[in-house]
Amino acid sequence: MPPKRKATVSARGVGSAKRLASGTATPRSRSIGSSDEYTEDGEYGNGSEADGPPPAEERRRVSNIQKAVKAMSVENLKSRGKGPTKSKHEATASIGFSNLSYLDLKPDHEKRPLWVDAKTDKIILENFSPFASRAKDFLTTIAEPLSRPAYLHEYRLTSNSLYAAISVGLEAEDIVDTLDKFSKTPLPEETRNFIMNSSKAYGKLKKVLKNSKYYLETPENSILQELVQDAVISAHLVSSSKDIITEKAVKKGPAVIPGTREAAGLIQQVDRQNNAQSDGGPSGHANDAGAGKDDEMFLATLREEDDDEDEDQKHIHSVEILRDSASLERVIERCWEMGYPVLEEYDHENDEKNATLDINTTSKTRLRDYQETSLRKMFGNSRARSGMIVLPCGAGKTLVGVAAACTIKKGTLVLCTSSMSVVQWRQEFLKWSNIDPDDIAIFTAESKQKFSRSTGIIVSTYSMVTQTRSRSYDAQKMMDFMTEREWGLMILDEVHVVPASIFRKVTGQLYTHCKLGLTATLLREDDKISDLNLLVGPKLYEANWMELSQQGHIATVQCAEVWCPMTTEFYQEYLREKSRKRGLLYVMNPRKFQACQFLIDYHEKRGDKTIVFSDNVYALQSYAKKLKKFFIYGGTGQVERMRVLENFQHSEVVNTIFLSKIGDTSLDLPEATCLIQISSHYGSRRQEAQRLGRILRAKRRNDEGFNAFFYSLVSKDTQEMYYSAKRQAFLVDQGYAFKVISHLNGIENLPGLAYSTAAERRELLQDVMLQNEESWGVEQIQDDLFSGRSAHPKGKVTALAKKGPKRTAGMLSDLSGAQDMAYIEYNKSRNKELKVQTKHNPLFRKIERDREKRKAARLEQLKEVRSMR
DNA sequence: TACAACGTAA
DNA sequence: CAATATACGTTGTA
């Protein structure tokens, strides 16, 4: 049995955060309140550097990388191993890898691109090696990419990644041999054993759906015997059928993915199989200078695979699992623990029971290389394998989904996060495939269609499917329709949301043979991301952002972090304030506002379309109002939203809009080319990546020398610095370099620069400081009004009560105030005022509700404690 | 339109 | 360190 290893998808952030912290790329001043950087008059402390990438910064970055590379050299490693403990520690900390000095180098190590560290199962790739591109293809197949910046890439071998490799058709021996070939040192024994042992049982155990029942299936009876003995597993099996069912196996042929060149008859069958393995990188290998004997040998190794038409697979043994999602999940998890990863495969070609859907990609549809590669991983051996495909925003995830559906040709279910993307998915299906519009239906609150024929596609949202409360009649009808049939494929858009407690129910509620998860950011800040392995399947493919942008599939982005010093007044208050208000202070920092104004002006003059993001609604509104730009946030009505977006895309006048986190996901604005972040949610890596994604599909990306811009405005010497480092971790792993700009050239000369006098700044500060208290005051007033009113009988309160809400509304618009007040401002109509008389104020109802909830929870706990005694 | 319920963050 | 508090966003239903 292989040693137990925890799947490590969620661990990726840890390493990168450490790397960032320990520095090298951009030196950061983290010293909150260090007075040497902060000058009294609020001027920029080190304003000597020029606009754009400061050369000094750049040089330091490069030299740091060279240092890191040097640190990996033989001499260094050898000497360090014998050196004092302290330097050993330094080495480990500064690069983030463990000491490799105990390894013996092969004589021709310089040509070989890999370091393999047996202790951490990490593999380090020297991306500057002539063989790097080949090694990369291989590594993405067998290991998890942890980080892929410019020079040193980091991968990790996990049981999960090996399992993915084996299920694509590689064999353990091939992996070991090839790894050894690329490695600078002889492959460590532990690593060799790990690969051989853990892959022994891989691909042997499958979860299959037959007649709306789930089974565990394997060709090796002994495995099943062992599993049935296990207490956990047997508890979740259908008790009546604990006996093992044995059947004859069915033979199958290879699959063809529509939309590929091969489907168009351009490539021979034989070549295809080789390509599937060796052509992993979209770049191809034509530009490999160092191609030589080694290459030939390497390619030969890879070609050998795939003749695993196993003759011994004559019988299949299976047991039935209980149907609820918890049981399914537990059984699969337990099998993993016992060393038998469960594969979910769908033999769609031989499925006679479910009707075949008439769908194909249109003749014009051509998949890009990387899309093809990802699909090959899914349809590796003529069956459809469940799993996840990770592609950056704007890289055509939808097309991958459509192509997958076209390959399986069975009833398909698409689940997305919002009803907006539901409509988009349907449009994409109609665009890329020849599906009959009658066969593709939408299931949302507004529209509950069905397809008329025996099978088809339904697009819906997660919340629609996982509704716990009562449903409308139509919705219930529709759910019944969906739960009682078997689906060939379920596409899970934005799959990173699935592990949430509610959404994970979908996998148990709906019968699907195969699941495909799509996402750009396989990240959550909690530890639930690894649950996806059990819920949908392994990660089949993850694209490299840098490579896609080099090939022009997504825009090239210049990322910059603009350091804005706090003004004296603001910083004093910042130091004094606790917690909540601090955030407001560093967002409203006048220097930040000026930087924002300057950048907007600069990019408008260049003809860019700019989006400004702010999480804080107060800041959003005051920035936008001061700069006279449009803004959209949660409280903005649907009509207003559409109007602003329409104008932004097509009008020459509207070149800048402000968005709250409403714009983080599923907003398609191909016009946008520049992005400024003024406030963001703590250290959310996912948010950062998704915001960057807004400009990746820029229409103009293929123009000569085109660059999109991504700015993060950060108030210097505040907590923001720390968060911003965390946020960037993911993008840095993807290879993005953040430049630090500490002075914007020419900002002093910008006409109409806001807050340029101390008086103005003081006024702003007062507004900001008042903001919280006033909003508190308003609450008090409402409380008074509310309690006063409710004391009176309904009819009597007329004039006085009517004045109440109006007065608060007036105060609010003056202060452009607290977030909760959006409600009042939008409810100025007479109707509302009358309603307020009879109804409790929503704010207080909510508070009351929450209080009750907490009380109930406490009582519940008390009861539990008592019953335990 | 209001409400309820939920997700996402450190 | 965990559970909690919080603000903002979303959805579907009445």
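To find a chain, count down the sequence lines: A is the first, B the second, and so on, and within it residues start at 1.
Residue R686(A) places none of its side-chain N or O atoms closer than 4.0 Å to OP1 or OP2 of dT8(B). In this model, the phosphate group of dT11(C) is not approached by any side-chain N or O of T444(A) to a distance below 4.0 Å at OP1 or OP2. Contact between the side-chain N/O atoms of S463(A) and the OP1/OP2 oxygens of dA5(B) is not found at any separation under 4.0 Å. Contact between the side-chain N/O atoms of S418(A) and the OP1/OP2 oxygens of dT10(C) is not found at any separation under 4.0 Å.
Note on E646(A) versus R643(A): no salt bridge recorded, every NZ/NE/NH1/NH2 to OD/OE distance being 4.0 Å or above. Salt-bridge check for E688(A) with R691(A): failed, with every basic side-chain N at 4.0 Å or more from each acidic carboxylate O.
The nearest whole Å value for the distance from the CG atom in N616(A) to the P atom in dG9(C) is 10 Å. Going from atom OH of Y723(A) over to atom P of dA9(B) covers 14 Å, rounded to whole Å. Between M479(A) atom CE and dT13(C) atom C1' the separation is 16 Å, expressed in whole Å. We find that CG of L415(A) is positioned 16 Å from P of dG7(B), with the value rounded to whole Å. Regarding E494(A), its CD atom lies at a distance of 14 Å from the P atom of dT10(C), rounded to whole Å.
S418(A) and S421(A) share a side-chain donor-acceptor pair at under 3.5 Å.
The side chain of V497(A) lies closest to dT8(B), out of dT10(C), dT8(B), dG9(C). Between dA9(B), dT11(C), dT13(C), one nucleotide has an atom nearer to the side chain of K448(A) than all others, and that is dT13(C). Here the side chain of A475(A) is nearest to one of dG9(C), dA9(B), dT13(C), namely dT13(C).
Across all strands, Y462(A) comes closer than 4.0 Å to no nucleic acid atom at all (heavy-atom distances).
Evaluation of the salt bridge (Lys or Arg N to Asp or Glu O under 4.0 Å) test over residues 417-427 of chain A, restricted to residues two or more places apart or in two chains, returns none.
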